[in-house]
Structure formats: C-alpha cells, structure tokens
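First the structure, in the form of structure tokens, and then the observations on it.
Owing to the predicted nature of the structure, the values given are computational and were not obtained by experimental measurement.
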Amino acid sequence: MSGAVRVRIAPSPTGPFHIGTARTALFNLLYARRTGGTYIVRVEDTDTARSTAEHEADILEGLRWLGLEADEGIISAEEERGSRGPYRQSARGARYAEVARQLHAQGLAYHCFCTAAELDAERSAREKAKLPPRYSGRCAGIAADDAARRVAAGEPAALRFRIKPGVVVVDDLVRGRVEIDAEALGGDLVILRADGSPLYHFTVVVDDADMGITHVIRGEDHLSNTPKHILLFQALGVALPKFAHLPLILNPDRTKMSKRKSQTAISDYRAEGFLKEAIVNFLALLGWSTGSEDEILSVEEIQARFDLEHVQKAGAVFDRTRLEWINGQWIRRLANEELLSRLRPFYDLAAADGRLARPARDEEIAALLPLIRERIPLLSSAIELTDFLFMDSLVHDPALLVPKRWDATTTRAALEAARPLIADGIGEGDAPLLDAPDALEGTLRALAEGEGWKAGDLFMALRAAATGRTATPPLFDSMRLLGRATTLARIDQAIATLRAI
RNA sequence: GCCCCUAUCGUCUAGAGGCCUAGGACGCCACCCUUUCAAGGUGGAGAUCACGGGUUCGAAUCCCGUUGGGGGCACCA
C-alpha cells in the first residue's frame, strides 16, 4: 500500500463534453501531475436512458484534444487501461449488485416497497407542510423475513441504505471543516432501483473505493451530497478519500453555468477556433491563481505551480471576452508551422462549405501568417479576414466602395489614376513585402499628393476595390498576394460599379 | 421550506493583522503608433475590501450577526 495519489474525472455521457467537466478534469490532472499521482477517467453511464455512445465519444475526444487523456481508465470506445476496472459503470453491474447484497446482508440496507405514487404523495405532503423533502423510513422497520417473503413473491422493491444519525464531518481541502447533520440528508437513500439498477451516490462510492481513489476533486455542487458518500464509504469499511470541492463556473447572472444561458460544449469552442492552450490556460485561472501576476501560462508551467491552497472558494463567472484575449495571446505565440497546421482545417472546411471558392495551399496560408497573426482572436477569424484571396468573383457594395470623405466621382477618378501605377508595381502572385518599404506605396502617395487627396482615402478606395472590404490585412501585401491580374480586374469592376451610380 | 458553501473594481483575481492612501489582468475611455482593421505602447476612470458589531495599539485579512449570491435536498448524474 503506497501513499500515491489517485484522482479521477468521472464524466457522464448524458450530454456533450461540458466546459465544467473539462475544468474539473484539468484540476484533477494538474493535481496528479503535481503530486506524481495517477489520473483516471471513469465513465458514469448508469443513466442508460440519457447516456449515448456519441456523447461518450465527444467527451473522450474532447479530453484527448485538451491533453487531458487518462493515465488509467477509459481512453476511447475501444481502449481501456489499468487493472482496477472496468472503468465504465455499465460494465460494473455485477459488482454493484454484489456490494448491495453485502450491505443488505449486514443490515445496512433494506428493501423498500413504497411505490412511486406513495413517495410522490409523501413528498408533496411534506412540501405543503413547508418541510424539507425526506423519506419517512416507512419500510425501514419491516422484518427481514417478511421483506424476503415479499421479494420472493415478486413484489417490486428498491434497496435503501440506512442513513446513520449523527453529524458527518467533511474535511474539505478547499473549504476546511464542514459539518452536516445526517438529519438533513433526506432520509434513507435508494442505492438500487426496483429493477436492480444502481444509483449514482452508490456507484460513485463503490467505484472510488474499488479504484483506490485518494482525492475526490469535483465541483461544489457535490459538497452537500458528500456526507452520503462518507456514510457509504464507512459502511463499506474502506478508508475515506480526501475531498476538495471546486468553485462552480457561473453564467453571467451568477447561476451555475448551463447550456441554456451559456455556450458550454467544448466542441463548440474548438469549432470556433479556440486553441487548446488557451482553454486550458483560461480554465486553470478560473478558480485558481498562481499567486503571482503571470497570466499566460502553458500546461507545463501551470502543472509546476498548481496547488489546492490557491483554489478560490467562491464561484467564478465565465468571461468569454477574457478567453478570447488569452486565445489571441496564444495565437501570437505559436510557431509558424504550428499556426499553419491549426489553421489548415478551418480553410479546408471553408472551401468545402463554399465560403471559399477553392482550397488554400500550404504556401498560401504560410504567406498569410505574418499578415493575420495579430488580427485573429480566433482561428476561424482568419477565413473572414482573407476570403477575398480565395474567391473567384467579388460583388462590390457601392456604399463601401466610396471612402467616407469622398464621393463616387472622386473615387472613380482615383481608381482610374492609380490603376496604371498598380499595373506597373505589382506582379503575379508576389510575396508580401511585410515591413519592408513597398515602392508602390511611395508612388501612390505621390499621386495622392499631386491630386490633393489624402493618401489614406486613396488607400481605402483601393482596399475596397481590391478586397470588397474596409477592414483587411495591409493593403499592399494584400494586393501582391492577390496578384496583378485579379487586382486590376477588381479595380476595373469597381470603376464600372461606380460609373453606374 | 431545510441544510451547506460563499462575499476585494463590470469580470477574473493578488492579498494569509501593520508593506494597502488595496496591486495585476480582461473589458472600457484617451493619447501615441498607423493605409483600414488589429497588435503594441503610454495614461485614465473604475473597489468606503457587502453591511453591522466585536477582538486588537492596528483588520480587506480573526470572531459573531445581518444581508446578498450560489449550491444541494429524486427509484437524475
């Protein structure tokens, strides 16, 4: 028996991979890494009505993507690692039945013959009397042989665990000592339904015991239920794990973060072009702090500093704006090849769904990187920012074509005057000159000066003509990337459009 | 209704009795840079540390209460 730390994340595949699950998984992983412990993934799919293979796949893929893959437990639909499994609750039915039998044999659990209707009536009666919901314990006193006879006769019976009276102490690593009177636990707890299927509070304890979990790190929403777990651990005669309840992630209105009020699916954030580094960085700082003023941290840096002492006690609002800022920071930090490969799927998807007329080649994206890196808060932003380079045709909005201080006539004259200079100054498929001075810029500035135009207005007219947009990467680089023929054709098209006004 | 947790700028937070006339970051505003948009730089507004009592020479920090917020109380997880 070693003192090695064993922690777990136990997602339930009743929905897509949730941001809150990701945060809990991350904190468990960080704690395991920091202590040299083992990080386990267990799938809690006892709710067969709501659990699906698709959700499980989404969760496991999300964990893998974020770098939160298990050391032990479930890796994928096919792969499971470790000797203390099975790690999927749906495969542990026999074990739950065995433990339930044992508790029953010890008199720690009993058969309950109450029907759903009776329990409902009891509950609503208490509610009407302004009393907290609580099982009366009506079946607790049925003699064992009577109960056995009724079960044998085929009467449906759930199995209830006897809640021992007394005060239960939760020694929480984040919150300190918490005392809860067993009286407030709602009465004896159903651990097996009448059909024999196990319930959450029971399976979680059996699993944590079987898997040798030493630290249960989970959301604060489980704090009130922890005494039930402690009582169950004691009934099983196993050592208690340590508990650490993390603050909840909140909607902007400060309620528990939910799908209804917030974007909660990790896959949605991924599809928008959030980097895994940014999500991990952001999530780590939601409810935990370094104690220093550093903000942009890699998983390795976070791992090296993580501790439960700096975990916040109060809930934290999920601030998407801040996430986007962190994402931008990480995009700017990625090496070129890395950024290129992260961008690749976004360009492929855009080409496939028609937002771009054709796929972008690697060299083309590579050439764009320096132009867009500082301009994209999300990977997906790159598409809107550069789509003009990958479109066969472009429809000018006449309203955008004319710079604010100009009229249509001036704009047309300017485009006509600039056209030959551009024809001379740009080649086919030139590379961007980036920070180097572009000779064409000087030429066009001279033109503007000679005509009494503001260079900025001329550039804006050209930008709108060449790209169809008013916010673009730097103009001259954009035109070089576009190539001589396309740039001139678009200027001609813009002139024609202006003539029609 | 009962039980539990919690409370520092709009948001995420630093702060573990004197270093705090409360620091940083996001966001916001202004200016600089600038061909647009960004990025970056500089500066600014923004918190009577929820409130009220204590303890102490001294409290954002400790104690009690109040109020606010949240969570939990299923044959859901």
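Checked against C76(B), U36(B), U35(B), the side chain of F459(A) finds its nearest nucleotide in U35(B). Among the nucleotides G24(B), C26(B), C4(B), the one closest to the side chain of E295(A) is G24(B). Side-chain atoms of D221(A) lie closest to G72(B) of the nucleotides G72(B), A39(B), A77(B). Among the nucleotides G24(B), C37(B), C75(B), the one closest to the side chain of A471(A) is C37(B). The listed nucleotides are U13(B), C4(B), U11(B); the one nearest the side chain of D319(A) is U11(B). If you check U6(B), G27(B), A77(B) against the side chain of R193(A), the one that comes closest is A77(B). Of all nucleotides listed (C26(B), A7(B), C5(B)), C5(B) comes nearest to the side chain of R175(A). The side chain of H222(A) lies closest to A77(B) when the candidates are A74(B), U35(B), A77(B). Comparing U36(B), G72(B), G1(B) against the side chain of R463(A) picks out U36(B) as the nearest. Taking the side chain of N225(A) as heavy atoms from C-beta on, and the options U11(B), C3(B), G72(B), the nearest nucleotide is G72(B).
Checking A22(B) for Watson-Crick or G-U wobble geometry (two distances, each under 3.5 Å) identifies no partner in any strand. A14(B): no Watson-Crick or G-U partner with both key distances under 3.5 Å is found in any strand. Nucleotide G1(B): paired with C73(B) (Watson-Crick or G-U wobble, both distances less than 3.5 Å). If you check C9(B) for Watson-Crick or wobble pairing at under 3.5 angstrom, you find it has no partner at all. If you check A50(B) for Watson-Crick or wobble pairing at under 3.5 angstrom, you find it paired to U66(B). Pair check for U36(B) finds none; no Watson-Crick or G-U wobble contact set falls under 3.5 Å. Across all strands shown, A45(B) remains unpaired; no Watson-Crick or G-U wobble contact has both distances below 3.5 Å.
For the C1' atoms, the distance from A22(B) to C4(B) is 31 Å, rounded to whole Å. Comparing A39(B) with C33(B), their C1' atoms sit 11 Å apart, to the nearest whole Å. The same atom, C1', is picked in A30(B) and in G72(B); the two are 48 Å apart, to the nearest Å.
When heavy atoms are screened at a 4.0 angstrom cut-off, S289(A) is found touching the sugar-phosphate backbone but no base atom. Among the heavy atoms of the strands lying under 4.0 Å from R160(A) are primed sugar atoms or P, OP1, OP2 only; no base atom is included. Residue P247(A) is out of contact with every strand shown, counting any heavy-atom pair closer than 4.0 Å. Residue S224(A) is in base contact, counting any heavy-atom pair closer than 4.0 Å across all strands shown. Contacts of L286(A) with the nucleic acid, taken as non-hydrogen atoms under 4.0 Å apart, involve only primed sugar atoms and P, OP1 or OP2. In this structure, T14(A) reaches neither bases nor backbone, as no heavy-atom distance under 4.0 Å exists between it and the strands shown.
Of the possible polar contacts, none joining the Q329(A) side chain to the I296(A) backbone as a donor-acceptor pair under 3.5 Å is found. In this structure, the side chain of D188(A) does not engage the main chain of Y135(A) through any donor-acceptor pair within 3.5 Å.
If L248(A) and Q312(A) are placed on RNA chain B by their nearest nucleotide, the residue sitting closer to the 5' end is Q312(A). Between I376(A) and G315(A), the one whose closest nucleotide on RNA chain B sits nearer the 5' end is G315(A).
Heavy-atom minimum distance, M391(A) versus R355(A): SD-O, 4.1 Å.
For the 3.5 Å distance criterion, the side chains of R463(A) and T467(A) fail to qualify, holding no donor opposite an acceptor.
Relative to the ring axis of F27(A), R23(A) places its NZ or CZ within 45° and under 6.0 Å from the centre.
Going from atom CG of L385(A) over to atom C1' of A38(B) covers 9 Å, rounded to whole Å.
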Chi angles and distances behind the salt bridge (Lys or Arg N to Asp or Glu O under 4.0 Å) call for E127(A), R123(A): CA-CA 6 Å; E127(A) 200 173 319; R123(A) 200 180 352 260; over 6 Å; no
